[in-house]
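None of the values given here were measured: they were computed from a predicted structure.
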Amino acid sequence: MVHQQRSGARLSPSGDTEDTTDMGMLLAPRLAHFAGVARTEHVTRAAQEMNVPQSTLSRAMARLEQDLGVDLFARHGRTVSLTPAGRTFLTSVERALAEVRRAADEVRADADAATGKVAFGFLHTMGAETVPALLHAFRADHPRVRFGLVQNHGEAMLEGLRAGQLDLCLTSPVPDAPDLVARRLDEQKLRLVVPAEHRLAGRRRVRLAEAAEETFVTLEPGYGLRRITDALCREAGFRPRVAFEGEEAETLRGLVAAGLGVALLPPPTVPRPGVVELAVTAPRAVREIGVAWLADRPDTPPVAAFKKFLLSRRGALLPD
């Protein structure tokens with residue numbers, strides 16, 4: 001169907017209609033007014049329903065048609081009816097307004113103090129025991145708060161904060177960046193994990209320097225635990241010879257059990273057959289666990305409540 005175009009339509013120098021982004025910004029405030037007039041087919045009645053002056057609504061519709069360069073209404077005294085162009089336009093306007101209403105309902109629901117949502121990130125090594133215990137304790141007082149859970153390595157979670165995909169994250173090392181706020185919550189001892197038949201397996205504790213000639217299996221570069229491993233080995237006077245790099249601590253334990261190397265890892269949730277876990281006496285082998293969030297971003301009530309809860313767990317975040 002061909003719609004009659006008004007003279008005076010806004011055109012770009014190339015002859016195309018005005019830039020879509022600019023046109024969208026220009027038209028958006030008038031869409032609800034247009035839908036109201038189209039629904040009632042009466043400007044006075046629409047003005048009363050929307051609680052706006054009739055003269056304001058009439059001018060808005062005239063300006064809308066002028067900006068589009070198309071007649072949307074046929075006038076019949078005090079009533080109006082949609083032109084074919086108006087009916088086409090109304091279909092898309094109603095979809096757009098419905099999507100706006102849906103989005104508004106969603107963000108209001110996510111911000112609700114009782115039933116809102118928290119986007120929470122945490123390290124893979126905290127997913128089996130630590131985070132489930134935290135969520136169980138928090139929901140004792142906030143039983144209907146919802147969570148979007150993301151497991152990832154530290155750098156990816158910090159990028160998630162910056163991108164608005166996460167509200168809070170538990171990570172290690174505790175970040176130090178001007179656009180973030182971070183608070184230390186606890187520390188976790190790291191152990192040297194060796195195969196059950198390893199020369200050190202009969203020991204209970206070891207100096208890390210005693211593993212200087214060993215082959216290591218580690219997490220990939222970019223993971224916080226990898227940076228901590230490299231730093232501790234450097235402090236012990238050597239650079240680790242890395243044979244395998246992975247993305248998950250329990251996979252590394254499996255590689256150790258298979259005799260493919262040794263690893264510095266946090267304690268397992270469940271003891272793993274085929275490996276022995278040795279306390280490291282020197283250097284002090286720990287990783288700090290902290291919570292981080294984006295500076296200057298306002299918290300919704302559920303995020304503020306969960307943040308307060310996490311900060312209250314300082315020194316008691318990790319299971320004994």
Checklist entry - Going by heavy atoms in the side chains, are Met157 and Leu123 under 4.5 Å from each other? => result yes
Next on the checklist: Could you tell me if Glu214 and His198 have a donor-acceptor pair between their side chains, going purely by distance under 3.5 Å?
Outcome noted: yes
Item to check | Listed once per pair and sorted, the ring-ring contact (aromatic ring centres under 6.0 Å, His included) pairs that draw on residues 42-85, sequence neighbours left out | outcome: Phe34-Phe73
Next on the checklist: Taking Pro143's backbone N and O only, do any of them form a donor-acceptor pair with Arg139's side chain (distance below 3.5 Å, no angle check)?
Outcome noted: yes
Checklist entry - Who passes side chain to side chain donor-acceptor pair (under 3.5 Å) against Glu235, sequence neighbours left out? => result none
Next on the checklist: Within the 4.5 Å heavy-atom criterion, are Lys117 and Pro302 side-chain neighbours or not?
Outcome noted: no
Next on the checklist: Under the rule for side-chain contact (heavy atoms from CB on, under 4.5 Å), what residues qualify as partners of Glu245, not counting sequence neighbours?
Outcome noted: Thr218, Glu220, Pro221, Arg226, Val242
Checklist outcome for this item: Hits for side chain to side chain donor-acceptor pair (under 3.5 Å) against Thr229, two or more places apart or cross-chain, chain-then-number order -> none
Checklist outcome for this item: With sequence neighbours left out, the residues meeting ring pair (Phe, Tyr, Trp, His ring centres under 6.0 Å) with Tyr223 are His153
Checklist entry - Got a sec, which residues hit ring pair (Phe, Tyr, Trp, His ring centres under 6.0 Å) with Phe120, two or more places apart in sequence or on another chain? => result Phe122, Phe306
Item to check | Non-neighbouring partners of His142 that pass ring pair (Phe, Tyr, Trp, His ring centres under 6.0 Å), sequence neighbours left out | outcome: Phe138
Checklist entry - Got a sec, which residues hit side-chain contact (heavy atoms from CB on, under 4.5 Å) with Pro132, two or more places apart in sequence or on another chain? => result none
Checklist entry - In chain order, what residues pass the side chain to side chain donor-acceptor pair (under 3.5 Å) check against Thr269, with sequence neighbours excluded? => result none
N/O donor-acceptor pairs under 3.5 Å from side chains in residues 168-180, not counting sequence neighbours:
unit_1 : atom_1 : unit_2 : atom_2 : d
Ser172 : OG     : Glu288 : O      : 2.6
Asp179 : OD1    : Arg162 : NH2    : 3.2
Asp179 : OD2    : Arg162 : NE     : 2.6

Checklist entry - Can you tell if the side chain of Asp112 reaches within under 4.5 Å of the side chain of Pro301, non-hydrogen atoms only? => result no
Checklist entry - Listed by chain and number, what are the side chain to side chain donor-acceptor pair (under 3.5 Å) partners of Arg272, not counting sequence neighbours? => result none
Item to check | Heavy-atom side-chain proximity of Arg287 to Ile289 below 4.5 angstrom | outcome: yes
Item to check | Any pair counted as salt bridge (Lys or Arg N to Asp or Glu O under 4.0 Å), so long as it reaches residues 27-42, sequence neighbours left out | outcome: Arg30-Asp67, Arg39-Glu49
